[in-house]
Number of protein chains: 2
Amino acid sequence: MSENTATGLPASIELAWGFREQPKKGPKRALSLTEIVEAGVTVADADGLGSVSMSRVAQELGVATMSLYRYVSAKEELVTLMGDAVIGPAPAIADDENWRSGLVRWAEEQMAVARRHPWSAEIAISGPPVTPNSVRWMEAALRCLRAAGLAPGQQLGSLLLVTQFVRSQALLESQLAAAMRASGDTEETVLSAYTRQLSMLTGPEEFPALHGVLDAGVFEMSAEGQEPDEDFRFGLDRILDGIEVIVARTTAAGTGT
Amino acid sequence: MSENTATGLPASIELAWGFREQPKKGPKRALSLTEIVEAGVTVADADGLGSVSMSRVAQELGVATMSLYRYVSAKEELVTLMGDAVIGPAPAIADDENWRSGLVRWAEEQMAVARRHPWSAEIAISGPPVTPNSVRWMEAALRCLRAAGLAPGQQLGSLLLVTQFVRSQALLESQLAAAMRASGDTEETVLSAYTRQLSMLTGPEEFPALHGVLDAGVFEMSAEGQEPDEDFRFGLDRILDGIEVIVARTTAAGTGT
DNA sequence: TAGCTAATGCGTATGACATACGCAGAGATG
DNA sequence: CATCTCTGCGTATGTCATACGCATTAGCTA
């Protein structure tokens with residue numbers, strides 16, 4: 001609602017960047033932003049993002065609920081900062097690193113984080129990245145894409161593609177895990193339940209392609225697959241193949257003609 | 001929590017599929033699921049998904065809040081069905097249609113829906129599609145991918161890629177529109193504000209690739225671009241290029257060897 | 001050293017909201 | 001007519017985010 005600062009960003013975000021010295025006047029602050037964010041992460045790790053409430057986080061810290069609002073102006077800011085905290089610093093990208101392997105590493109590390117903190121994929125995106133670590137990750141990916149020779153607009157478009165893919169894949173995994181936890185069943189059982197549901201709801205005549213997939217036992221397969229990463233790698237490779245097509249085109253145009 | 005039905009799906013979902021005849025005994029139902037879902041859509045179209053509450057929807061229909069729970073066992077079900085209602089029936093895919101142009105049409109029509117109901121992109125994905133129209137859309141896309149000669153697992157993986165991309169693109173657009181509405185500024189202003197924020201927070205030495213993009217005025221460009229679809233088409237083409245790579249590989253292997 | 005004043009932690013209060021529970025009436029079946 | 005199921009819905013509960021204001025703290029000034 002109100003532009004709090006010079007950048008137009010919430011004070012807590014600027015604080016996370018290290019701007020905004022604390023004033024000299026009043027009593028010392030009993031907490032720090034980092035402490036609060038860490039407490040939020042602890043709660044989310046333990047009981048999921050749904051259990052993160054202002055009062056729960058305050059309780060975790062042994063302070064009153066309203067005290068948190070001296071550090072964060074809304075819950076959404078807390079959650080955003082929690083997301084920033086768990087991705088951590090971006091992977092280092094060497095200048096001479098192959099763009100594709102760099103992006104693979106980028107995506108894999110991001111995925112690893114998401115597996116460590118499944119709730120992080122549930123955080124609703126409320127705007128472009130403005131938080132320190134997420135901007136650092138952005139920089140890392142852009143370095144790869146720039147090295148690949150893409151134009152700025154293409155870099156941004158490609159980055160979006162990769163990020164969103166990792167995100168959605170992580171969300172999928174986390175939902176599968178949640179369904180397993182809720183039902184107490186194995187991954188295989190949960191997936192085959194889905195197959196059964198679709199089979200009961202749809203006829204093979206009206207839904208031939210769907211039944212083609214169901215009959216192939218795809219969902220069961222995905223459980224038996226040695227590599228849990230198989231789906232992830234497939235999607236990632238598809239996206240990178242797609243990017244490679246224009247990389248090749250751009251390079252050819254720049255070199256050949 | 002409880003498996004209500006034979007399929008294990010909530011009663012309202014089965015109802016949406018046309019299963020589950022209404023019982024003969026009690027009073028006639030005053031409402032229908034469709035009516036309720038339409039009322040929800042009306043509210044969301046008018047004031048956004050955030051304004052959809054059980055009481056608000058009930059008010060829209062002139063009934064009491066709790067009455068809705070005779071048709072829907074939780075708000076989440078309502079929202080899921082609202083999402084299903086707005087995507088509507090899937091586009092028809094001719095059997096001899098080129099897989100790629102079929103998917104382009106599929107994605108464009110889905111995007112058109114999302115632009116008509118921006119809130120639909122905000123709906124949290126809580127599991128695989130089980131709702132009638134969304135399964136029909138799934139079928140439509142699978143037909144294209146099957147026609148392309150992909151294996152079932154590849155079909156599913158590719159479908160995921162396209163869906164999630166459309167979804168995230170729609171969400172991005174809707175958030176941009178929301179930011180414009182909130183600030184009263186133009187698209188150009190909102191985007192250049194973001195550029196300014198990043199410029200103030202990051203130094204060109206630490207963030208060379210980022211500044212490369214910022215200096216190119218990418219965000220401003222995207223506002224001046226004649227085609228608002230430009231970003232959408234870029235990402236979509238990238239994904240389809242990526243799919244095409246394995247289509248070609250598969251076809252070559254099947255035909256040549 | 002005695003204020004002055006900004007900043008702090010936090011108690012209280014408000015207003016949404018989802019939803020459990022149970023009742024009174026409807027209406028088909030026996 | 002009696003019964004039993006299903007209806008709409010009033011009431012109540014518990015959770016939450018957050019606005020507001022007060023008492024307290026502690027650096028700065030005189």
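What you see is a predicted model; the values in this text were computed from it and never measured. Residue numbers begin at 1 in each chain, while the letters A, B, ... track the order of the sequences.
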Partners passing salt bridge (Lys or Arg N to Asp or Glu O under 4.0 Å) against A:Arg56 (at least two apart in sequence or in another chain) = A:Asp47
Atom pair OH (B:Tyr71) and CG (B:Leu81), whose distance is rounded to the nearest 0.5 Å = 14.5 Å
Qualifying residues under side-chain hydrogen bond (donor to acceptor under 3.5 Å, both in side chains), relative to A:Thr186, sequence neighbours excluded = A:Thr189
Distance in angstrom units between A:Leu33 CG and C:dG9 P, rounded = 12 Å
Footprint string (nucleotides 21-30 of chain D, 5' to 3'): B base within contact, S backbone only, - free, heavy atoms under 4.0 Å = B---BSSS--
Can you sort out the partners of A:Ser51 under side-chain hydrogen bond (donor to acceptor under 3.5 Å, both in side chains), two or more places apart, ordered by chain and number?
-> none
Taking DNA chain D as the partner, which of residues 55-68 of chain A come within under 4.0 angstrom of it by heavy atom?
-> A:Thr65, A:Met66
Apply salt bridge (Lys or Arg N to Asp or Glu O under 4.0 Å) to B:Glu38 and list each qualifying residue two or more places apart in sequence or on a separate chain.
-> none
Any donor-acceptor pair under 3.5 Å from A:His211 side chain to A:Thr202 backbone | yes
Mind calculating the distance between OH (B:Tyr71) and C1' (D:dC6) to the nearest angstrom?
-> 11 Å
Which residues pass the side-chain hydrogen bond (donor to acceptor under 3.5 Å, both in side chains) test with A:Ser126, sequence neighbours left out?
-> A:Glu76
To the nearest angstrom, how far is B:Glu76 atom CD from C:dC17 atom P?
-> 18 Å
Partner residues of B:Trp119 under the side-chain hydrogen bond (donor to acceptor under 3.5 Å, both in side chains) criterion, sequence neighbours left out | B:Asp45
Within this structure, what is the CD-to-P distance between B:Glu35 and D:dG8, rounded to whole angstrom?
-> 11 Å
Between B:Ser12 and B:Glu77, do the side chains contain an N or O donor and an N or O acceptor separated by less than 3.5 Å?
-> yes
Residues in salt bridge (Lys or Arg N to Asp or Glu O under 4.0 Å) with A:Glu109, at least two apart?
-> A:Arg105
Separation of D:dT15 atom P from A:Lys75 atom NZ, nearest Å, is 14 Å
Check DNA chain C against residues 41-48 of chain B and give the residues with a non-hydrogen atom under 4.0 Å, in numerical order.
-> none
For B:Met138 and B:Leu156, run side chain to side chain contact (heavy atoms under 4.5 Å, CB included): C-alpha distance rounded to whole Å, both residues' side-chain angles, the deciding distance at 0.1 Å, then the answer.
-> CA-CA 9 Å; B:Met138 189 179 174; B:Leu156 230 46; 4.3 Å; yes
Any side-chain donor paired with an acceptor under 3.5 Å for B:Glu14 and B:Thr7?
-> yes
Roughly how many Å is it from CD1 in A:Ile36 to C1' in C:dT8, rounded to a whole number?
-> 13 Å
In degrees, rounded to 10°, what is the bend between the two ends of the helix from C:dT1-D:dA30 to C:dG30-D:dC1, using five pairs at each?
-> 10°
If you look only at distance, which donor and acceptor atoms sit under 3.5 Å apart when one is on a side chain in residues 27-37 of chain B and the other is two or more places apart or in another chain?
unit_1: B:Arg29; atom_1: NH2; unit_2: B:Arg70; atom_2: O; d: 2.7
unit_1: B:Ser32; atom_1: OG; unit_2: B:Glu35; atom_2: N; d: 3.2
unit_1: B:Glu35; atom_1: OE1; unit_2: B:Ser32; atom_2: N; d: 3.0

Please give, in whole Å, the distance from D:dT18 P to A:Leu78 CG?
-> 10 Å
In whole angstrom, give the distance that lies between atom CE of B:Met54 and atom C1' of C:dA18.
-> 8 Å
